[in-house]
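Right, one structure below, let's go through it.
Just so you know, these numbers use all the heavy atoms, side chains as well, and skip hydrogens, waters and symmetry mates.
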Amino acid sequence: MNTSTYQSESSGITDWKKSIGRVIRTDGCVFLLCTGGRATVAANMQKMVFRKNDLAVLTSDVYFSVSEVSAGFSARYVALSEPMLEAAYYRITSVSLWDYLHHIPILRLSPEQRSLVSGWLEQMEWILTHLDGPDRSVLLNNNVYNLFIAINAELGKAVETKIHAHKDRAWDIITRLWSLLTKHAVRERSVSFYAKALNITPDYLNKVCRRAYAHVAENTD
């Protein structure tokens with residue numbers, strides 16, 4: 001499958017027209033705020049809708065592809081590299097936050113949250129455009145850290161109840177599957193290949209995926 005790669009330390013507006021049928025890849029993290037229309041996407045093989053006022057947080061371990069976009073679709077984005085994010089990641093101690101964003105990378109925002117995220121994107125764009133050197137890195141890291149802390153605070157107890165209530169061997173298999181997909185999906189698309197790598201049968205892998213994604217679908221309603 002073809003890929004669309006966001007340039008690190010960049011910002012802008014995208015309509016995803018050239019990304020249809022492609023996998024969105026990043027070596028760090030891409031933050032996208034949908035500003036118009038809607039897009040049908042797959043996040044870790046789970047079909048989702050990315051619509052106006054939604055925020056997508058795409059880290060390097062999220063397998064994310066675009067299948068179609070509506071007329072008028074647009075999204076503002078900021079893309080950062082892994083080295084630029086390391087300091088912020090190191091300061092985040094909430095494992096449940098990373099679990100949530102890995103399974104559900106598209107967040108539905110309230111009008112107030114949307115306004116705050118829009119302002120955050122404007123700050124990030126200004127820093128990327130106007131600053132250089134150590135000050136740039138410090139401000140970018142602090143802003144990313146603040147955003148993740150805010151997301152974690154808004155999710156609150158829902159993170160624990162929606163993710164950890166269903167974490168069992170099935171989720172362990174799914175997590176390992178996503179890791180394999182990020183490495184081999186361009187060359188390997190056979191279910192049997194991934195089942196063999198996970199030491200399970202293709203039929204069991206299919207059942208595990210159905211079970212896991214049923215829970216994810218409930219969480220995205």
Side-chain angles (χ1 to χ4, degrees), residues 4-20 22 24-41 43 48-62 64 66 69-92 94 97-98 100-102 104-156 158-159 220:
S4 291
T5 304
Y6 281 82
Q7 182 179 354
S8 297
E9 278 69 77
S10 66
S11 63
I13 298 175
T14 180
D15 59 13
W16 272 355
K17 288 182 179 178
K18 294 183 179 180
S19 297
I20 297 174
R22 295 174 178 263
I24 303 295
R25 289 199 176 278
T26 172
D27 65 348
C29 188
V30 182
F31 304 88
L32 298 113
L33 177 65
C34 183
T35 54
R38 57 194 288 140
T40 303
V41 303
M48 296 181 179
V49 176
F50 183 46
R51 59 194 181 213
K52 186 176 181 179
N53 298 332
D54 286 353
L55 174 66
V57 181
L58 309 182
T59 51
S60 58
D61 63 338
V62 174
F64 192 89
V66 181
V69 297
S70 70
F73 173 83
S74 64
R76 293 175 61 188
Y77 73 87
V78 165
L80 300 174
S81 65
E82 191 76 26
M84 185 62 69
L85 294 162
E86 282 180 350
Y89 284 168
Y90 181 76
R91 294 162 63 191
I92 303 290
S94 175
L97 172 64
W98 303 128
Y100 192 95
L101 292 177
H102 182 80
I104 310 175
I106 295 177
L107 305 175
R108 312 295 186 203
L109 304 182
S110 68
E112 180 183 21
Q113 292 168 341
R114 192 267 180 197
S115 178
L116 291 170
V117 170
S118 182
W120 181 86
L121 285 168
E122 290 180 5
Q123 290 182 14
M124 296 294 282
E125 290 168 358
W126 187 90
I127 295 169
L128 288 168
T129 303
H130 293 84
L131 297 181
D132 204 353
D135 289 342
R136 184 176 191 250
S137 298
V138 169
L139 288 173
L140 289 173
N141 270 289
N142 285 340
N143 269 17
V144 170
Y145 172 77
N146 290 338
L147 178 64
F148 281 134
I149 288 297
I151 291 174
N152 192 49
E154 291 294 299
L155 292 175
V159 174
T220 56

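Shortest non-hydrogen contact noted between Ala75 and Thr35 is N-OG1, 3.8 Å. In this structure, Gly36 and Lys52 approach most closely via the heavy-atom pair N-CG, 4.1 Å. Closest non-hydrogen pair, Phe50 versus Leu32, comes out as CZ-O, 3.6 Å. Shown here for Val66 and Ser19, the closest heavy-atom pair between the two residues is CB-O, 3.6 Å. For the pair Val144 and Ala88, the tightest heavy-atom approach, listed with the atom from each and the gap, is CG1-CB, 4.0 Å. Taking both residues in full, the closest heavy atoms of Leu85 and Gly28 are given as CD1-C, 3.7 Å, listed atom of the first, atom of the second, then distance.
Leu55 contributes atom CG, which lies 9.5 Å from atom CD1 of Ile106 (distance to the nearest 0.5 angstrom). Taken from CD1 in Ile24 to CZ in Arg22, the straight-line distance is 9.0 Å, to the nearest 0.5 Å. Residue Asp135 holds its CG atom at 10.0 Å from CD1 of Ile127, rounded to the nearest 0.5 Å. Rounding to the nearest 0.5 angstrom, the gap separating the CG atom in Leu107 from the CG atom in Asn53 is 13.0 Å. Taken to the nearest 0.5 Å, the CG atom of Leu139 stands 13.5 Å off from the NE2 atom of His130. If you take CG on Asp27 and OG1 on Thr5, they are separated by 8.5 Å, rounding to the nearest 0.5 Å.
Looking only at side-chain heavy atoms (C-beta outward), Leu147 and Val57 stay at 4.5 Å or farther from each other. The side-chain heavy atoms of Met48 and Pro105, taken from C-beta on, include a pair separated by under 4.5 Å. By the 4.5 Å heavy-atom criterion applied to side chains, Ser11 and Met124 are not counted as neighbours. Met84 is listed as a side-chain neighbour of Ser137, based on a closest heavy-atom distance under 4.5 Å. Inter-residue side-chain proximity for Leu58 and Cys29 is flagged as unmet; no heavy-atom pair is nearer than 4.5 Å. Side-chain contact between Glu122 and Trp126 is absent, with no heavy atoms from C-beta onward closer than 4.5 Å. Annotation: side chain of Pro111 is not in contact with side chain of Arg114 (no heavy-atom distance under 4.5 Å). Between Thr14 and Ser74, the closest side-chain pair of non-hydrogen atoms is not below 4.5 Å.
A donor-acceptor pair is defined here as one N or O able to donate and one able to accept, closer than 3.5 Å; such a pair exists between the side chain of Arg136 and the backbone of Leu131. A distance-only check finds no donor-acceptor pair linking the side chain of Asp61 to the backbone of His102 [under 3.5 Å].
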Self-check item: Chi angles and distances behind the side chain to side chain contact (heavy atoms under 4.5 Å, CB included) call for Val62, Thr59
Solution: CA-CA 6 Å; Val62 174; Thr59 51; 3.5 Å; yes

Self-check item: Steps toward side chain to side chain contact (heavy atoms under 4.5 Å, CB included) verdict (Val49, Asp54)
Solution: CA-CA 9 Å; Val49 176; Asp54 286 353; 5.9 Å; no

Quiz prompt | Test side chain to side chain contact (heavy atoms under 4.5 Å, CB included) applied to Leu33 and Leu109, step by step | solution = CA-CA 10 Å; Leu33 177 65; Leu109 304 182; 3.9 Å; yes

Quiz prompt | From CA spacing to verdict: side chain to side chain contact (heavy atoms under 4.5 Å, CB included), Leu80, Thr26 | solution = CA-CA 8 Å; Leu80 300 174; Thr26 172; over 6 Å; no

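Legend: residues meeting side chain to side chain contact (heavy atoms under 4.5 Å, CB included) with Glu112, ordered by chain and number and at least two apart, are Ser110, Leu116. For Ser115, there are no side chain to side chain contact (heavy atoms under 4.5 Å, CB included) partners two or more places apart in sequence or in a different chain. For Arg91, the side chain to side chain contact (heavy atoms under 4.5 Å, CB included) partners at least two apart in sequence or on another chain are Asn142, Tyr145. Listed by chain and residue number, Tyr89, Phe148 satisfy the ring-ring contact (aromatic ring centres under 6.0 Å, His included) test with Trp98 (two or more places apart in sequence, or in another chain). Gln123 is linked by a side chain to side chain contact (heavy atoms under 4.5 Å, CB included) to Asn143, counting only residues two or more places apart in sequence or in another chain. Under the salt bridge (charged side-chain N to carboxylate O under 4.0 Å, His left out) criterion, Glu125 pairs with Arg76, sequence neighbours left out.
With ring centers used as reference points, Tyr77 lies under 6.0 Å from Tyr6.
Using bins of under 30°, 30° to 60° and over 60° for the plane-to-plane angle, the ring pair Trp16/Phe73 lands in the parallel bin.
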